[in-house]
Participant: 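Please see the structure below; I have some questions.
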Amino acid sequence: MLDETLCLTAYLLSGDTVAVKAAFESYDQKGAKRKPEDGDGEKTDWKKLKAEKKELKMKRKEKNLGSSERYELGIQTKKIWEELRQANCKKEREKELCKELMSKVQGKLMSVIHAHDTVRVLETLLAKGGEEYRTLVFEELKDDLVNLSKIKYSRFFVLKILRYGSRAQKDHVISSFKGQVVKLMKHKTASDVVELAYNDYANAKQRSMMVQEFFGPQFRLFHEADIKCVADALKKHPEMKEYILKDLRSALQPIIDKGVFTNTMVHTLLKDFLSSCSVGDRNGVIEALKESLVPIIHTRDGARVAMLCLWHGTNKDRKTILKSFRTHFVKIATEEYGHMVLLAAFDCVDDTQFMKKVVLSELMDELDKLVGSDYGLRVLRYLVAPRSPTFFQPSVLAVLAQGDGNEASKKDTEIRQRELQAIVSTPILRMLLGNLEHWAVNSNWTLFVGAAVKSLGGPERETIFHKVAEMYADPYIPGTEGHVLELAHTTKMVTYFIKCDKERHAAEQETFCSILVKKAGDELIGWTNCNRGCFLLANMMETEIPEIVSHLTKSIAPQKDKLTKQKFVGAAILLKKL
């Protein structure tokens with residue numbers, strides 16, 4: 001080997017490239033010396049070998065396609081498609097190519113629609129050819145839409161028709177599913193087609209038709225226009241309740257077992273079933289779903305399914321569900337529908353230490369992401385002020401109230417809420433302190449700051465009181481721009497601080513009024529020059545805290561004559577308090 005290396009080096013130094021090439025070719029890829037050819041010593045004809053391999057490959061493709069005609073048709077159409085799909089293909093040339101392509105595939109569409117390559121040719125024809133060619137293709141294939149939906153590649157044609165076809169074509173696709181919806185939803189490939197049709201393109205009547213097929217053979221054959229959900233069917237046919245729920249369960253079970261329950265229609269049906277079925281059936285569905293809820297809670301009905309599982313599951317089921325959400329809690333909290341699942345969990349899970357370890361620790365570690373999202377902020381508001389009509393619409397509270405009184409929750413609601421607030425108190429108050437100068441004057445935040453200070457405790461709360469009191473301690477002259485007394489929303493927040501002082505004083509806690517009086521001192525007299533200032537002073541008098549009332553009476557009493565001359569309402573109210 002050493003001698004051969006020296007020879008190669010010598011050839012390189014001499015510049016004899018022919019000798020170097022010959023020397024390299026005498027070794028194989030692994031560096032071993034090539035053996036002489038067997039037989040008569042002739043070299044292998046590589047071109048001939050390559051041609052033979054190509055011919056074998058063509059024969060295999062012909063065999064897979066069923067005939068040489070199909071193979072040749074595929075070759076011809078792909079040559080046209082290669083030019084047609086180019087972005088720089090001119091409009092006139094596109095028309096010529098579409099016409100040529102249509103002439104080749106017309107009457108033979110079933111031959112080209114099943115393969116992964118030729119179905120793309122057909123999709124390009126639909127996209128580039130416009131409505132004229134789309135209609136021709138659709139008319140030839142419209143009787144086989146159900147079968148095409150079940151095939152891996154041909155289903156893309158059905159999806160294209162749903163997305164880009166005319167309204168009549170879309171309606172024909174949906175009507176062709178009549179009597180087949182349940183079977184198609186159990187099929188992993190076809191279920192995507194049904195989902196697109198149901199979720200994006202079906203009207204209310206068509207959706208009702210598709211949903212009713214899960215209620216049993218009678219509804220599969222004879223659709224009823226006034227039935228839109230399970231509740232409607234049970235209300236109209238109460239004598240059939242047992243059979244409707246049994247057929248619905250038998251239709252949903254294989255879908256759940258196959259893991260094809262991420263479709264919107266299945267979410268709706270699961271929600272309706274869990275709301276209407278017996279306790280035994282409900283427990284069976286919860287058992288099947290409890291570790292697989294993460295993919296479905298991004299839809300309204302999917303989130304409702306998760307909420308029903310939390311409300312009606314056992315304590316063990318609830319813990320399993322929440323453990324399955326690990327590493328996803330921040331994403332769930334910032335979703336339009338997902339955040340409702342967390343609110344339901346706060347309402348029903350009694351083990352608050354488990355909630356601290358699994359749920360709240362992950363949320364509190366990424367408070368900045370929650371604050372940056374409207375839905376994440378709702379989660380924080382619910383922790384701070386649960387079921388508050390100030391922060392939540394009646395429709396939201398009505399949904400959450402459906403979980404009240406469930407069998408598995410034993411702990412008193414107020415105790416559970418206080419325990420959760422104790423867990424989140426420090427991180428939330430520290431977050432507020434970090435940017436209090438901005439949030440205390442921001443109308444989107446003042447209500448939250450007020451609620452947080454009322455329900456959360458700790459040394460951070462007193463620090464917030466001191467900082468806000470310092471803002472109000474600045475001298476006030478009527479019309480002063482930038483003074484907090486000129487901000488209605490900030491003054492409303494401080495009014496809330498003051499009104500809660502009566503409870504704090506009774507609990508022997510430090511009050512905001514006492515801090516404000518120390519910080520502001522004689523500057524409180526200047527508040528009598530404006531309506532908001534007078535209202536704040538009146539609210540401080542209403543706390544009935546002796547030292548506060550005494551201090552204000554001494555400070556403000558000399559201003560009575562001035563107050564009688566003031567024309568705003570706050571002055572008259574303050575005079576009555578004095």
Participant: Which residues satisfy the ring-ring contact (aromatic ring centres under 6.0 Å, His included) test with Y382, sequence neighbours excluded?
Facilitator: F392
Participant: What verdict does the ring pair (Phe, Tyr, Trp, His ring centres under 6.0 Å) test give for H237 and Y243, after you've listed the backbone C-alpha separation in whole Å, the side-chain angles of each residue and the deciding distance to 0.1 Å?
Facilitator: CA-CA 10 Å; H237 302 284; Y243 301 104; over 10 Å; no
Participant: Do L184 and S191 make a side-chain contact, defined as non-hydrogen atoms from C-beta onward lying under 4.5 Å apart?
Facilitator: no
Participant: For L370, does its backbone N or O pair with a side-chain atom of S373 as donor and acceptor, under 3.5 Å?
Facilitator: no
Participant: Quick check: does any side chain N or O of Q421 sit under 3.5 Å from a backbone N or O of V384, one acting as donor and the other as acceptor?
Facilitator: yes
Participant: Shortest non-hydrogen contact from A202 to I174?
Facilitator: CA-CD1, 3.8 Å
Participant: Any sub-3.5 Å donor-acceptor pair from D281's side-chain atoms to C277's backbone N or O?
Facilitator: no
Participant: Would you check if the side chain of S103 reaches a backbone N or O of E100 as a donor-acceptor pair within less than 3.5 Å?
Facilitator: yes
Participant: Would you say that M355 contacts L322 through its side chain, given a criterion of any heavy-atom pair below 4.5 Å between the two side chains?
Facilitator: yes
Participant: Evaluate E96 against R93 for salt bridge (Lys or Arg N to Asp or Glu O under 4.0 Å), listing each step before the verdict.
Facilitator: CA-CA 5 Å; E96 294 174 8; R93 182 58 180 162; 3.0 Å; yes
Participant: With side chains defined as the heavy atoms from C-beta onward, is the minimum distance between R207 and N203 less than 4.5 Å?
Facilitator: no
Participant: Which class fits the ring pair F325 and F329: parallel under 30°, tilted 30 to 60°, perpendicular over 60°?
Facilitator: perpendicular
Participant: So, for C348 and N406, which heavy atoms are closest and what is the spacing to 0.1 Å?
Facilitator: CB-ND2, 4.0 Å
Participant: So, do L380 and L367 sit near enough that their side-chain heavy atoms are less than 4.5 Å apart?
Facilitator: yes
Participant: Using the salt bridge (Lys or Arg N to Asp or Glu O under 4.0 Å) rule, pick out the option among R85, K99, K128 that qualifies with E94.
Facilitator: K128
Participant: So do the side chains of F448 and L432 get within less than 4.5 Å of each other, counting heavy atoms only?
Facilitator: yes
Participant: Could you tell me whether a side-chain N or O of Q180 sits under 3.5 Å from a main-chain N or O of V146, the two making a donor and an acceptor?
Facilitator: no
Participant: Taking the inter-plane angle between the rings of W445 and W439 on a 0 to 90° scale, is it parallel (under 30°), tilted (30 to 60°) or perpendicular (over 60°)?
Facilitator: parallel
Participant: Give me the atom names and distance for the closest heavy-atom approach of M102 to L125.
Facilitator: SD-CD2, 3.7 Å
Participant: Are M364 and I428 packed together at the side-chain level, in the sense that at least one heavy-atom pair is separated by less than 4.5 angstrom?
Facilitator: yes
Participant: Would K323 and E291 pass as an ion pair if we require N to O under 4.0 Å?
Facilitator: no
Participant: Could D171 and R167 be called an ion pair, given the rule that one side-chain N must be under 4.0 Å from one carboxylate O?
Facilitator: yes
Participant: Less than 4.0 angstrom from a charged side-chain N to a carboxylate O is my criterion; do K79 and E82 meet it?
Facilitator: no
Participant: Can you check whether I113 reaches T118 side chain to side chain, under 4.5 Å on heavy atoms?
Facilitator: no
Participant: With a 3.5 Å distance limit and no angle check, can you tell me whether R155 reaches the backbone of K150 through a side-chain donor-acceptor pair?
Facilitator: no
Participant: Tell me, do Q169 and L162 make a side-chain contact under 4.5 Å, heavy atoms counted?
Facilitator: no
Participant: I'd like to know if K331 pairs up with E335 as an ion pair, taking the criterion as any Lys NZ or Arg NE/NH1/NH2 lying under 4.0 Å from an Asp or Glu carboxylate oxygen.
Facilitator: yes
Participant: Kindly say whether K246 contributes a backbone atom to a donor-acceptor pair with the side chain of R249 at under 3.5 angstrom?
Facilitator: no
Participant: Using a strict threshold of under 4.0 Å (side-chain N to carboxylate O), is an ion pair present between D351 and K319?
Facilitator: yes
Participant: Over all heavy atoms of both residues, which pair between A251 and V182 is shortest? Give the atoms and the distance, please.
Facilitator: CB-CG1, 4.0 Å
Participant: May I ask you to decide whether E366 forms a salt bridge with K369, counting only side-chain N to carboxylate O separations under 4.0 Å?
Facilitator: yes
Participant: Can you name the closest pair of heavy atoms from A303 and V341 and give their distance?
Facilitator: O-CG2, 3.6 Å
Participant: Can you name the nearest heavy-atom pair linking M265 to E195, along with the distance?
Facilitator: N-OE1, 3.8 Å
Participant: One thing to verify: whether R300 and E336 come together as a salt bridge, which I'm taking to mean a side-chain N less than 4.0 angstrom from a carboxylate O.
Facilitator: no
Participant: Check this for me: does any side-chain nitrogen of one of E362 and R326 sit under 4.0 Å from a carboxylate oxygen of the other?
Facilitator: no
Participant: Please lay out, stage by stage, how K410 and D350 fare under the test salt bridge (Lys or Arg N to Asp or Glu O under 4.0 Å).
Facilitator: CA-CA 7 Å; K410 305 296 182 184; D350 287 342; over 6 Å; no
Participant: Scan for salt bridge (charged side-chain N to carboxylate O under 4.0 Å, His left out) pairs involving residues 370-393, sequence neighbours excluded, and state none if there are none.
Facilitator: D347-R387, R387-D404
